[in-house]
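Written below as C-alpha cells is the structure these notes are about.
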Amino acid sequence: QDDIELAHVVFGDFNNDNLLDITFGAYDAPGSGMEEEAGQMYIMEGSDVWQQGTVSSNTTWSGNVFVYGDLNVAPGVTLTIDAGTDVWVWPNDPDSSDDTGAGYPAFGDSTMSEFRVYGFLDVNGTASDPVKFQAWTADSLVSAERDIWKGIVVYDSSGAGADLRYCQIRNATFGLQSKADIALRHCTIEAAGYWGLYVGSADSIYVADTTIRDIGLLGMNVVDGTHAQLRDCELTGIDGHAAAVSDGAILYADGTTFTAGVRGVSVVLGDSATTGAVIDSCTIDDCDTGVYVYQATDVTVSNCTLDGDTTNGIYCLDGASIMVSDNTIKNSTIGIVCIDQSHATITGNLVRDNGAGIKADDESAPVIEDNDVIYNNSCVLASNDADPDLGGGGSSSGDNEIHHPTDFFVVNLSGGVTVMAENNYWGNTVSPYQPKASKVIGSVDTSPAVGSPPAISPWAEEREEQNLP
C-alpha cells in the first residue's frame, strides 16, 4: 500500500535446506514506529523442478519438486519418483476451471490443490531416503498442520494405480484416496484433516508396515466392495474411527495397532448384502469402543488384545454376527456386548477386569464356551429377553471359568428366560461346586458344575505365573 514504507531487510543464516532467514522492518505509516517480522526465503537450485498442469508423458522426478495448483498424471502415463525426493504442494489452486471430483465425495474442490493420478504413480523411497509429499506455504516449507492442501487421488481409469514405498504424505485434507488397486509399504500418512486413506470399488488394496496418525476423522475408510489388507500397521492418534468398513467391503487386518477417540474398527453393513472383517493378532486400545459391528454378518476377531477401551471392548448390534475367539479383553466398562438380536460365538477368550464381562440384551443369544470371565464387577449380564448359552442350552458345552467377581457371577433380568450355565468352573472346589447363591441374580441353571479349572485355558498360564486361584 502507498502508506507503507519498507525500512530494511536483514538476511540471516542460510541453512542446509536452502532456507534463508530474513527479517523485514516496515513503517505502517509516516511517523509511526517500525514493526519487524521474521520469515524464510527458499533459494531454488538448478536441479529443482517447478511443475503444474498435466504430466503427459512418462516422467521421473528427483530432488525438490514444487507443485503449483492441481496436477494431473494423464491416463497411460507413469510418474516415477526417486528416493529422497521432496514434493512440495502449494495449497491454493489458481485455476478452478479444471476441477472434476468425479465419483469422489471429497474431491472437486475449487480452491485447494489436488494431486490426481489417472495413470500410474510409482514411488521408490527407501528407509534412509523417503519420498515426501507435503505443503509448501508462504510461511514455511515444513508444517505439522492439517488441511493445507487437498491430497492425492487415484482414479479408476484403465491401467490406473499406485505403488508407494517409503512415502510420507502430510498436511492434506484427505491424504490418499483410490478407486484403483494400490500398494503401500513402509509409508506414513499424517496430519490429515478428514481421513488418511480412503479406498473404494477396488479389487486389491495392500497396506503393510505403514503408519496412519494424527487424522481428524477416519484413519482408513474401506467402502464399495473393496478388499483391503492391513499388515503390521499402526493407526493411531485418530480423532474418530481408526478404520471404518462398509457397503460390501472386506478388511483383513493382522499385526496392526488401532488407537482412536471413538472406534478402533467399525464394520457397518450399509448398502450391501455382505460387509465383513477378519481382525487377527491386532492390538486395539484406548478407544471408546474397540470393535463395533452393525448388521454385518461376516466378522471375526481373534488372537487380539483389547485393552482400556473406555465403553466397550466389542459391541455388536442389530442382527450382526461375529466370531470372537482367543482374545484378551480387559479394562473396559463392558468387555463384550451383544444387543438387538445379534449373534456371537464367544470362545477361548480371557475377559477380565471390566465393569461387566459379557452382556447380552434385547433377544440376543450369544454362545459362550471355553472362556475365562474373571475379576470383573459382574461376569455375565442378560436382559430384555436375551438368552445367552453358557453351557447346556444346546449350543455351548460350557467349560468356562467364571469366578472372582466383585459383585455377581451372573445377572439375569430376562423375565421368562432361564440362562443355561452348566458345566462351568465357578472358583469353588468344594462339591457341588456351585457359585455363591447371593451372587447369582434371576433364573440361572448352574448345575452341574465342575470343581477345577480346565488344564488349558486363556487364564491357565497367567494363573500359574502369578500363583493365583
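Numbers for residues simply follow the sequence, beginning at 1.
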Plane angle bin for Tyr118 and Tyr155 - parallel if under 30°, tilted between 30 and 60°, otherwise perpendicular: parallel

Parallel, tilted or perpendicular: ring planes of Trp149 versus Phe133, cut at 30 and 60 degrees: parallel

Derivation of the salt bridge (charged side-chain N to carboxylate O under 4.0 Å, His left out) call for Arg352 and Asp372: CA-CA 8 Å; Arg352 62 166 298 173; Asp372 291 347; over 6 Å; no

Is there a donor-acceptor contact under 3.5 Å from the side chain of [X] to the main chain of [Y]?
{"X": "Asn171", "Y": "Glu145", "result": "yes"}
{"X": "Asn92", "Y": "Met112", "result": "no"}
{"X": "Asn349", "Y": "Asn327", "result": "yes"}
{"X": "Asn400", "Y": "Leu390", "result": "yes"}
{"X": "Asn412", "Y": "Val417", "result": "yes"}
{"X": "Ser113", "Y": "Trp90", "result": "yes"}
{"X": "Asn376", "Y": "Val351", "result": "yes"}
{"X": "Asp445", "Y": "Ala421", "result": "no"}
{"X": "Thr226", "Y": "Ser201", "result": "yes"}
{"X": "His403", "Y": "Glu401", "result": "no"}

Sub-4.5 Å side-chain heavy-atom contact between [X] and [Y]:
{"X": "Val301", "Y": "Val265", "result": "no"}
{"X": "Ile314", "Y": "Leu306", "result": "yes"}
{"X": "Leu217", "Y": "Tyr194", "result": "yes"}
{"X": "Ser378", "Y": "Pro405", "result": "no"}
{"X": "Ser325", "Y": "Thr347", "result": "yes"}
{"X": "Trp61", "Y": "Leu79", "result": "yes"}
{"X": "Tyr166", "Y": "Cys187", "result": "no"}
{"X": "Leu164", "Y": "Leu121", "result": "yes"}

Under a 3.5 Å threshold, yes or no: a donor from one side chain and an acceptor from the other, between [X] and [Y]?
{"X": "Asn303", "Y": "Asp280", "value": "yes"}
{"X": "Thr257", "Y": "Glu234", "value": "no"}
{"X": "Ser397", "Y": "Asp399", "value": "yes"}
{"X": "Thr188", "Y": "Gln168", "value": "no"}
{"X": "Thr297", "Y": "Ser321", "value": "no"}
{"X": "Ser414", "Y": "Ser383", "value": "no"}

Residues that Trp426 engages under ring-ring contact (aromatic ring centres under 6.0 Å, His included), provided they are two or more places apart: Phe409

Test applied, side chain to side chain donor-acceptor pair (under 3.5 Å); reference residue, Asn331; option that passes from Asn354, Asp309, Asp307, Thr310: Asp307

Intermediate values then yes/no, side-chain contact (heavy atoms from CB on, under 4.5 Å), Ile279 and Thr300: CA-CA 6 Å; Ile279 306 166; Thr300 298; over 6 Å; no

Stepwise side chain to side chain donor-acceptor pair (under 3.5 Å) test for Ser364 and Gln341: CA-CA 4 Å; Ser364 294; Gln341 301 180 354; over 6 Å; no

Would you call [X] and [Y] a salt bridge, taking side-chain N to carboxylate O under 4.0 Å as the test?
{"X": "Asp254", "Y": "Arg231", "answer": "yes"}
{"X": "Lys439", "Y": "Asp407", "answer": "no"}
{"X": "Asp163", "Y": "Arg185", "answer": "yes"}

Where Val299 and Gly276 come nearest, the two heavy atoms and their spacing: CG2-CA, 4.2 Å

Summary of ring pair (Phe, Tyr, Trp, His ring centres under 6.0 Å) pairs that have at least one residue in residues 271-295, sequence neighbours excluded: Tyr292-Tyr315

Starting at [atom1] of [X], measure out to [atom2] of [Y] and round the result to the nearest 0.5 Å.
{"X": "Thr406", "Y": "Asn377", "atom1": "OG1", "atom2": "CG", "value": "4.5 Å"}
{"X": "Thr210", "Y": "Met220", "atom1": "OG1", "atom2": "CE", "value": "9.5 Å"}
{"X": "Glu190", "Y": "Arg146", "atom1": "CD", "atom2": "CZ", "value": "11.0 Å"}
{"X": "Asp181", "Y": "Asp203", "atom1": "CG", "atom2": "CG", "value": "5.0 Å"}
{"X": "Asp318", "Y": "Ile339", "atom1": "CG", "atom2": "CD1", "value": "8.5 Å"}

Residues Asp389, Ser395; criterion side-chain contact (heavy atoms from CB on, under 4.5 Å); working and verdict: CA-CA 7 Å; Asp389 185 356; Ser395 298; 3.5 Å; yes

Sole candidate of Ile250, Val293, Leu269 that passes side-chain contact (heavy atoms from CB on, under 4.5 Å) when paired with Thr275: Leu269

Residues Thr311, Asp288; criterion side chain to side chain donor-acceptor pair (under 3.5 Å); working and verdict: CA-CA 5 Å; Thr311 303; Asp288 180 75; 2.7 Å; yes

